[in-house]
Amino acid sequence: MDYFKPSTNLQFIKYPKFLFSEKYSVKVSQTAKIIYALLSDRAISSAANTDNIDKNGNVFVIFTIEELAKIIHKSDMAVKNSLKMLEENHLIVRKSVGVGKPTHIYILY
């Protein structure tokens, strides 16, 4: 660890402020909110890649359950529950694109 200096250049993930609102404070867990921030971050970087844009011009991301679990140090089940929570609260939409192919995750706001 080192002290923060004016020249410090850290990478950050944006955490949308609306997730602090009362509407989401009870309905969405902290784990789900962190996953939403990670998905949003990947969507921003994926927007430049035409492979991650569907025929309607919507950006989607591909993130496996295992990959998310590893990044946030939670179990696969915790990630699955959080994704379900995000979907139920209309913050993401998951679309299956075929057997053996990764699910496309669309971020809503």
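- Residue pairs meeting the salt bridge (Lys or Arg N to Asp or Glu O under 4.0 Å) criterion with at least one partner in residues 49-64, sequence neighbours excluded, do not occur; the list is empty.
- Here the OG-CD1 distance, from Ser46 to Ile105, works out to 10.5 Å after rounding to the nearest 0.5 Å.
- With sequence neighbours excluded, the residues that form a side-chain hydrogen bond (donor to acceptor under 3.5 Å, both in side chains) with Asn49 are Asn52.
- Remark: Thr50 engages no residue in a side-chain contact (heavy atoms from CB on, under 4.5 Å) (not counting sequence neighbours).
- Transitive grouping of hydrophobic side chains (ILVMFWY, heavy atoms separated by less than 4.5 Å) brings Ile72 and Val61 into a common cluster.
- When hydrophobic side chains of Ile, Leu, Val, Met, Phe, Trp and Tyr are connected at separations under 4.5 Å, Ile44 ends up as a singleton with no cluster partners.
- Listed by first then second residue, pairs satisfying side-chain hydrogen bond (donor to acceptor under 3.5 Å, both in side chains) with a partner in residues 11-21 number zero, not counting sequence neighbours.
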Would you give me the side-chain donor-acceptor pairs under 3.5 Å for residues 28-42, sequence neighbours excluded?
from  : atom 1 : to     : atom 2 : distance (Å)
Ser29 : OG     : Ala32  : N      : 3.1
Lys33 : NZ     : Leu19  : O      : 3.1
Tyr36 : OH     : Leu108 : O      : 2.5
Ser40 : OG     : Tyr36  : O      : 2.9
Arg42 : NH1    : Ile62  : O      : 2.7
Arg42 : NH2    : Glu67  : OE2    : 3.0

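- Counting heavy-atom neighbours within 6.0 Å of Glu66 CD, excluding the residue itself, gives a total above 12.
- In summary, the aromatic rings of Phe18 and Tyr24 are positioned with their centroids under 6.0 Å apart.
- Every pair passing ring pair (Phe, Tyr, Trp, His ring centres under 6.0 Å) that includes a residue from residues 46-71 is listed here, sequence neighbours excluded: Phe60-His104, Phe60-Tyr106.
- Grouped with Met77 in a hydrophobic cluster is no other residue, since no side-chain heavy-atom contact under 4.5 Å to another Ile, Leu, Val, Met, Phe, Trp or Tyr is found.
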- Task: Kindly determine whether Leu83 and Ile65 satisfy side-chain contact (heavy atoms from CB on, under 4.5 Å), including the steps that lead there.
- Result: CA-CA 9 Å; Leu83 289 170; Ile65 302 289; 3.4 Å; yes
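- Legend: side-chain hydrogen bond (donor to acceptor under 3.5 Å, both in side chains) pairs involving residues 56-65, not counting sequence neighbours: none detected.
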Expected list for residues 84-97: side-chain donor-acceptor pairs under 3.5 angstrom, two or more places apart:
from  : atom 1 : to    : atom 2 : distance (Å)
Glu87 : OE1    : Arg94 : NE     : 3.1
Glu87 : OE1    : Arg94 : NH2    : 2.9
Glu87 : OE2    : Arg94 : N      : 3.1
Asn89 : ND2    : Met85 : O      : 2.9

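- Taking both residues in full, the closest heavy atoms of Ala47 and Ile53 are given as O-CD1, 3.5 Å, listed atom of the first, atom of the second, then distance.
- In this structure, Phe12 shares a hydrophobic cluster with Phe4, Leu10, the cluster being traced through Ile, Leu, Val, Met, Phe, Trp and Tyr side chains under 4.5 angstrom apart.
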